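Treat the numbers as computed from the prediction; the structure is a model and nothing was measured. Worth knowing before you read on, the calculation uses all heavy atoms, side chains too, and leaves out hydrogens, waters and symmetry mates.
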Amino acid sequence: MLKQEYLKTDRSILDALPVRKTRSNKGTYGKVLCVAGSFNMAGAAYLCAWAAYRTGAGLVRILTPETNRVILQTLLPEALLTSFDPEAPDCGRIEEAFAWADTAAVGPGLGKERWAYELTRRALTQFQKPLVLDADGLNHLAEHRELLKDRKGELILTPHPGEFGRLTGQKIPEVTADIPGQAARFAAENRCICVLKDAPSAVGDKDGSCYVNTTGNNGMSTGGSGDVLTGIIAGLLAQKAPALEAARLGTWLHGRAGDLAAEKEGTYGLMARHLVEYLPEAMRGEKAE
């Protein structure tokens, strides 16, 4: 049962869409760095980067192991790519990639190896621009909670109940008993924004307030859906949307794209790629100047 004091995110959140200018270029709409993918997990990087582009980001770059290079250049030729050898990462190239970015999305398909932890640690402690942390990024954070104390700059976490349970030491039934309350408390205690994904999802803010999302359906319970959400939020941040608005709007758009997809594809056949395909329709109402 939702508490009456929790606010809801509905279609009015479309007013928060970043303005598209008549006279503009790719630099106008920001640069997203997706730190994602590992051996046999190129798809997570692809979905995250593709969603960032489809949300309106001007440039998207993927930082990923060399094994993913050909796959990603084939699937998403629009994306820039910085690949590295996980056994001997080129620290200079990695530093340059982070310095290039206006915002970063870290974690989709990243894996639990030492190099993946080091990238997560570097993002949390040295990258001071807006950061979205998801998936394996959250799993590394769960094992090194001290990294939250070192964080400077806006931070949006996007855990599902299992990841949230690892972050907080709770069992999943404890988490799901009060999704909005859990998101609000965690966000306030850790001075971040927490998008706790469930049905419905909830966005907790630093001041302890919480917004319950009103879009989405059970067809979205499929692999890669979370990677798409991470990319959407990062794409909005790159366009200078404030962190709370990016989290609320991104969550609503993600669910709305899922609802539009379900109308055409059905909930049984809905896949993560459909969320990206229906995203432009979900964003109708965009503003221009």
Side-chain angles (χ1 to χ4, degrees), residues 27 29-38 44-45 48-49 51-53 55 57-65 68 79-84 86 89-159 163 167 186-187 190-195 206 226-227 229-247 250:
Y29 303 114
K31 297 176 286 187
V32 175
L33 178 67
C34 295
V35 184
S38 56
C48 181
Y53 258 136
T55 308
L59 286 168
V60 179
R61 185 172 184 173
I62 307 172
L63 180 62
T64 193
N68 293 330
L80 305 174
L81 204 66
T82 297
S83 59
F84 60 89
D90 184 331
C91 294
R93 295 183 71 191
I94 290 171
E95 290 295 322
E96 187 276 328
F98 275 104
W100 169 90
D102 294 316
T103 188
V106 176
L110 201 59
K112 298 182 180 180
E113 287 76 17
R114 180 68 187 182
W115 61 264
Y117 162 71
E118 289 297 335
L119 287 175
T120 303
R121 182 193 62 78
R122 193 252 175 257
L124 282 164
T125 60
Q126 299 178 43
F127 185 74
Q128 298 183 14
K129 299 172 186 177
L131 171 65
V132 187
L133 198 66
D134 183 39
D136 286 318
L138 295 169
N139 291 329
H140 288 297
L141 179 59
E143 295 178 0
H144 300 274
R145 281 290 304 275
E146 71 277 3
L147 294 176
L148 270 179
K149 299 177 182 178
D150 299 328
R151 173 64 190 164
K152 295 179 181 179
E154 294 287 2
L155 175 63
I156 300 176
L157 306 183
T158 59
E163 292 161 344
L167 280 171
F186 186 90
N190 295 283
R191 304 300 298 163
C192 65
I193 293 170
C194 179
V195 181
K206 300 172 188 177
D227 305 325
L229 175 61
T230 298
I232 292 172
I233 295 174
L236 294 169
L237 289 170
Q239 296 170 79
K240 298 182 173 58
L244 179 59
E245 290 186 356

Practice item. Check each of V60, L59, L80 against K31 using the side-chain contact (heavy atoms from CB on, under 4.5 Å) test, and report the only one that passes. Key: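 Single pass found, and it is L59.
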Exercise for review: Under the side-chain hydrogen bond (donor to acceptor under 3.5 Å, both in side chains) rule, collect the residues that match up with E154, sequence neighbours excluded.
Suggested key: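 Checked E154 against side-chain hydrogen bond (donor to acceptor under 3.5 Å, both in side chains); matches are K206.
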Gap between atom [atom2] of [Y] and atom [atom1] of [X] - 0.5 Å precision:
X: L141; Y: E143; atom1: CG; atom2: CD; result: 10.0 Å
X: L157; Y: L131; atom1: CG; atom2: CG; result: 8.0 Å
X: L63; Y: N68; atom1: CG; atom2: CG; result: 11.0 Å
X: L110; Y: N139; atom1: CG; atom2: CG; result: 10.0 Å
X: T82; Y: W100; atom1: OG1; atom2: CH2; result: 8.0 Å
X: L133; Y: L138; atom1: CG; atom2: CG; result: 4.5 Å

Do [X] and [Y] have side-chain heavy atoms sitting under 4.5 Å apart?
X: F127; Y: V106; answer: no
X: V132; Y: L229; answer: no
X: P159; Y: F186; answer: no

Are the side chain of [X] and the backbone of [Y] linked by a donor-acceptor contact shorter than 3.5 Å?
X: R191; Y: L148; answer: no
X: S38; Y: G109; answer: yes
X: D227; Y: C48; answer: no

Shortest non-hydrogen contact from [X] toward [Y]:
X: T120; Y: G137; answer: CG2-O, 3.7 Å
X: W115; Y: G37; answer: CH2-O, 3.8 Å
X: T64; Y: A36; answer: OG1-O, 2.9 Å
X: A45; Y: I62; answer: CB-CG2, 4.0 Å
X: P65; Y: P86; answer: CB-CG, 3.7 Å

Point to revise | Evaluation steps, side chain to side chain contact (heavy atoms under 4.5 Å, CB included), between L124 and L155 | key: CA-CA 8 Å; L124 282 164; L155 175 63; 4.1 Å; yes
**Study point:** salt bridge (charged side-chain N to carboxylate O under 4.0 Å, His left out) contacts touching residues 109-119 (sequence neighbours left out)
**Key:**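 Output for this query lists R114-E118, E118-R121.
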Check your understanding: On the ring face of F98, is R122 found with NZ or CZ under 6.0 Å from the centre and within 45° of the axis?
Key ->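 Yes, R122 and F98 form such a contact.
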Exercise for review: List the steps and the verdict of side chain to side chain contact (heavy atoms under 4.5 Å, CB included) for R61 and L33.
Suggested key: CA-CA 5 Å; R61 185 172 184 173; L33 178 67; 4.0 Å; yes
Check your understanding: Would you say the side-chain atoms of N190 and R151 include a donor-acceptor pair closer than 3.5 Å?
Key ->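 No - no donor-acceptor pair under 3.5 Å links their side chains.
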Which donor-acceptor pairs under 3.5 Å do the side chains of residues 230-241 make with protein atoms, sequence neighbours left out?
unit_1, atom_1, unit_2, atom_2, d
T230, OG1, D134, OD2, 2.9
T230, OG1, G226, O, 3.2
Q239, OE1, R20, NH1, 3.3
Q239, NE2, T55, O, 3.1
Q239, NE2, G235, O, 2.9

Exercise for review: Just say parallel, tilted or perpendicular for the rings of H140 and Y117, cut-offs at 30° and 60°.
Suggested key: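 Rings of H140 and Y117: tilted, 30 to 60°.
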